[in-house]
Amino acid sequence: MKLTPTSDIWMDGKFVPWDEAQVHVLTPSLHYGWGVYEGIRAYPTARGTAVFRLRDHLRRLHDSARVYLMDPGYSVDELTEASVELLRRTGLGAGYLRPLVYLEYGTMGVAPRLDSARVAIAAWPWGSYLGEKAEQEGCRLAVSSWQRNGVHSVPPLAKATGAYVNSALAKVAAVRAGYDDALMLTPGGHVAEASAANVFAVRNGVLLTPPVSDNILPGITRDTVITLARDLGHEVREQSLTRSELYVADEAFLTGTAAEIVPIASVDDRSVGGEGCGPVTRQLREAFQDVVHGRTVGRDDWLTHV
Ligand code: PMP
């Protein structure tokens, strides 16, 4: 997806013009992938632009930084304020926010100096992540030959820049083979997640999603969907799934900030459920769109108004 520049990027407390937001080519984060980031969406609401679960995302940014022994140097409150101010400056009515914690240039080596964390926040317009066709008709997934990063290699629950070579290897292979995305498994053969989204199956009216122990990033959209589904009276179980359980699901869908909620049309060419969006997926999608656009009474605490 092509990036559309906006006016400013927030860097270490200052607003810098988009084209001047530069980092030295010898930053260790570029060489060794030692950095952490977030992906957040802002939506139009009747009360103006609002960011969805901003504090939860920034809390996860802090958690990821902890795993990688970095102190971002700005609290969740300070980063909340910076994000809101960035949206005001860029004038974005809706879009995507990308906070990044990375290491300052100045040392080199596989044990980089960790006391030099820098923070940037960018924002830009971002449409449908998997494309309109996948959103309407469902996405086509293929199980990847690349295993999902594991707890003994690269911790899946931290959103680290370097960890995404794992997702990217799987996604690039899936797209080159003609699929929309990869479905990644754990070494034990459990379903983990897609390259940048969590997975849900619906079977006999019950929602099933892999637990955190199956090498997933604990998605904020996943948590939102679990909460909304339970509010709507659905049973939700966090339990391990095999690929065949997805083959025979009544419905299945992906969740993520960029992807939002996208039905899964097929896994390894086995069609899942019927054509397009199944009834449970559709109901959750509508509930999700209502909540992010500020139309749900009692869920305003998930929105930070700009
Ligand atoms: N898994 C991975 C690997 C991801 O990159 C993402 C996107 N952040 C997700 C799951 C979904 O997480 P969230 O709903 O918090 O965006």
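By convention here, the first residue in the shown sequence is residue 1. When a ligand or atom number is given, it counts from 1 through the structure's own listing order.
Closest protein heavy atom to atom 14 (O) of ligand 1: Thr221 OG1, 2.6 Å. Summary of contacts: the protein heavy atom closest to atom 5 (O) of ligand 1 is Tyr164 OH, 2.4 Å. Ranking protein heavy atoms by distance to atom 8 (N) of ligand 1, first place goes to Lys159 NZ, 2.9 Å. Nearest protein neighbour of atom 6 (C) of ligand 1, counting heavy atoms only, is Ala196 O, 3.2 Å. Among protein heavy atoms, the minimum distance from atom 1 (N) of ligand 1 is reached at Glu193 OE1, 2.7 Å.
Ion pairing of Arg60 with Asp223 is absent here, as no side-chain N (NZ or NE/NH1/NH2) approaches a carboxylate O to less than 4.0 Å. With salt bridges taken as basic N to acidic carboxylate O contacts below 4.0 Å, none links Glu251 and Arg282.
Between Arg55 and the options Thr304, Asp77, Asp301, a side chain to side chain donor-acceptor pair (under 3.5 Å) holds for only Asp77. None of Tyr102, Tyr164, Tyr96 except one satisfies the ring-ring contact (aromatic ring centres under 6.0 Å, His included) rule with Tyr37; the exception is Tyr164.
Residue-ligand proximity: Ala197 is placed with a non-hydrogen atom under 4.0 Å from ligand 1. Heavy atoms of Ser195 approach ligand 1 to within less than 4.0 angstrom.
Relative orientation of the Phe200 and Phe253 rings is parallel, given thresholds of 30° and 60° on the angle between their planes.
Taking only nitrogen or oxygen atoms, main chain and side chain alike, Arg148 does not reach within less than 3.5 Å of ligand 1. Checking only distances, Arg60 does come within under 3.5 Å of ligand 1, N or O to N or O. For a threshold of 3.5 Å applied to N or O pairs, the pair formed by His57 and ligand 1 contains no separation below that value. At a 3.5 angstrom cut-off on N or O pairs, Ser167 does not count as close to ligand 1.
The minimum heavy-atom distance linking Thr209 with Val199 is given by the pair OG1-O, 2.6 Å. The nearest pair of heavy atoms linking Ala192 to Asn215 is CB-O, 4.2 Å.
The backbone N or O of Ala94 lies less than 3.5 Å from no partner atom in the side chain of Thr49, so there is not a single donor-acceptor pair. Of the possible donor and acceptor atoms, none in the side chain of Trp126 sits under 3.5 Å from a partner among the backbone N and O of Ala258.
By heavy-atom distance, the residue among Ile220, Val199, Ile40 lying nearest atom 15 (O) of ligand 1 is Ile220. Closest heavy-atom approach to atom 16 (O) of ligand 1 within the set Thr257, Leu217, Thr224: this belongs to Thr257.
Counting atoms of ligand 1 from 1 in the listed order, those under 4.0 Å from a heavy atom of Gly219 are 12 (O), 13 (P), 14 (O), 15 (O). The contact set between ligand 1 and Gly256, taken as ligand atoms under 4.0 Å from a residue heavy atom, comprises 11 (C), 14 (O), 16 (O).
Heavy atoms of other residues, nucleotides or ligands lying less than 6.0 angstrom from CZ of Arg98 number more than 12.
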